[in-house]
2 protein chains.
Amino acid sequence: MELQAPMQQLVHCLAGLPGIGEKTATRLALFLVNCPAEQARDLAGAIAQVRERIRLCSLCYNYTEQELCAICASAARDRRTVCVVETPGDVMSFERIGGYSGCYHVLHGSISPLDGIGPEQLRIRELLERISQGGIEEVILATNPTMNGNATAVYLAGRLQTSAVRVTRIAQGIQPGADIGYADQTTLKNALEWRRSMK
Amino acid sequence: MELQAPMQQLVHCLAGLPGIGEKTATRLALFLVNCPAEQARDLAGAIAQVRERIRLCSLCYNYTEQELCAICASAARDRRTVCVVETPGDVMSFERIGGYSGCYHVLHGSISPLDGIGPEQLRIRELLERISQGGIEEVILATNPTMNGNATAVYLAGRLQTSAVRVTRIAQGIQPGADIGYADQTTLKNALEWRRSMK
């Protein structure tokens, strides 16, 4: 049996989401055709709403409904420290740990020459402008510890070489709970390089 | 950081889908807010379309866009054999194997007293009516080999006791590739009970 055209279309759309394969997409489509009408309507509506109402914070480029995001607008946050991340999802990850009281800057990607993404395609110009306006004392480069993320951090550090701000990079090392015997060479090399004094 | 209200709503809706937890829902929402506008619009549209255009086949209660589903409408299918399944997804599973040329009847569930689902809540009356109209020679009971599925099969077999149609149940036994040493008691009991002659 061929799937009916609207079902095929829905499976196709669902399978376009990250981490959703053909089989999961089919299972979800079979659920959506048969769930309470309200549930299906709510989901379709929520997708439309998110596209309509979410925009980028004019200061840090995180997602927001307002001109400024909740973090940039908050009087409780320390504007002197800016944590530079690749995506709004990374902001959520840092916020979940709860201990960071500074602000953010979302680049919306990382430098990736193979994908044609250079500094101009990211919110780097906006970051440099923000820093040049003064008031920022430390920039924490929290791009991913990947080839592209590291390249982006190195690039930013270079651009900020002559600036007065302190530029730091989040630590790379062995993960808590990991076994040194199973760690790869890069991990151990980093763990040694980033070591710190204990007394 | 609290998620923005439209994002929270989308995560909530996505987490209501089967097999999608809070974390996957968040990942999908972050994708949907940032993917090409067309992709998000297509998905929302496909959900609406599927609810609008898909209905139940008036003969077998499988999903269809027409009065009759593609299987019931096909001249190539054998109308004398009806395979009774719990869900439209089960029809898809049987169609995938490709060797079955009969028709189907979708009950839309199984008898489940604990959930308040009795024979009246399923398409059982419609099945009995369909059989009473003649032309059907065999009814294959292909409900799941679960407590509820088995109960439904036993109930249907009882209702068809005095009918002229042949009533069969799909085989239960040990799965191909499984190890007898690891099989549970019910599986082995079934495998013995459903054994067949080899010469």
Side-chain angles (χ1 to χ4, degrees), chain A residues 1-14 16-20 24 26-37 39-56 62-66 69-71 74 77 87-89 91-92 94-96 104 108, chain B residues 1-14 16-20 24 26-37 39-56 62-66 69-71 74 77 87-89 91-92 94-96 104 108:
Chain A
M1 182 189 69
E2 293 264 304
L3 269 181
Q4 301 77 30
M7 283 290 274
Q8 260 174 350
Q9 171 66 6
L10 180 54
V11 169
H12 174 79
C13 287
L14 288 166
L17 299 175
I20 307 278
T24 305
T26 306
R27 191 166 49 73
L28 293 176
L30 283 168
F31 174 84
L32 282 168
V33 75
N34 196 36
C35 67
Q39 192 174 358
R41 205 172 46 232
D42 284 354
L43 175 56
I47 295 170
Q49 278 290 306
V50 108
R51 300 295 303 206
E52 241 170 64
R53 290 171 54 190
I54 297 288
R55 48 179 177 151
L56 300 181
N62 189 13
Y63 292 140
T64 179
E65 284 185 86
Q66 320 293 330
C69 75
I71 296 172
S74 164
R77 308 294 296 229
T87 68
V91 173
M92 290 172 56
F94 277 108
E95 287 299 292
R96 255 197 300 272
Y104 293 92
H108 288 273
Chain B
M1 182 190 68
E2 292 264 306
L3 269 182
Q4 302 76 31
M7 282 292 273
Q8 260 174 350
Q9 170 67 5
L10 180 55
V11 169
H12 174 77
C13 287
L14 288 167
L17 299 176
I20 307 279
T24 305
T26 306
R27 191 166 48 75
L28 293 177
L30 284 169
F31 174 83
L32 282 168
V33 75
N34 196 35
C35 67
Q39 191 174 358
R41 206 173 45 233
D42 284 354
L43 174 57
I47 295 170
Q49 277 290 306
V50 107
R51 300 295 303 205
E52 243 170 64
R53 289 171 54 190
I54 296 289
R55 48 178 177 152
L56 300 181
N62 188 14
Y63 292 139
T64 179
E65 283 186 86
Q66 320 293 330
C69 75
I71 296 172
S74 164
R77 308 295 295 230
T87 67
V91 173
M92 289 172 57
F94 277 108
E95 286 300 292
R96 253 197 302 272
Y104 293 92
H108 288 274

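Chain A is the first sequence line, chain B the second, and so forth, proteins listed ahead of strands; every chain is numbered from 1.
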If you count heavy-atom pairs under 4.5 Å with chain A, which of B:Thr26, B:Asp42, B:Asn34 comes out on top? B:Asn34

If every non-hydrogen atom of A:Val50 is compared with every non-hydrogen atom of B:Val33, which pair is closest and at what distance? O-CG2, 3.9 Å

Distance-only, no hydrogens or angles: does the B:Gln4 side chain make a donor-acceptor pair with backbone N or O of A:Tyr63 under 3.5 Å? yes

Under 4.5 Å from a heavy atom of chain B, the part of A:Thr24 involved: neither

Out of curiosity, B:Thr64 OG1 to A:Met7 CE, how far, rounded to the nearest 0.5 Å? 11.5 Å

With chain B, which of A:Gln39, A:Arg27, A:Gln9, A:His12 has the greatest number of heavy-atom pairs at distances under 4.5 Å? A:Arg27

Region of B:Leu30 in contact with chain A, defined by heavy-atom distances below 4.5 Å: both

Most chain B-contacting option - heavy-atom pairs closer than 4.5 Å, from A:Ser74, A:Ala48, A:Pro36: A:Pro36

For A:Arg53, give me all partners under side-chain hydrogen bond (donor to acceptor under 3.5 Å, both in side chains), at least two apart in sequence or on another chain. A:Gln49, A:Glu65

Name all residues meeting the side-chain hydrogen bond (donor to acceptor under 3.5 Å, both in side chains) criterion together with A:Thr87; count only those two or more places apart in sequence or in a different chain, and write none if there are none. A:Asp90

Under 4.5 Å from any heavy atom of chain A - which part of B:Ala37: both

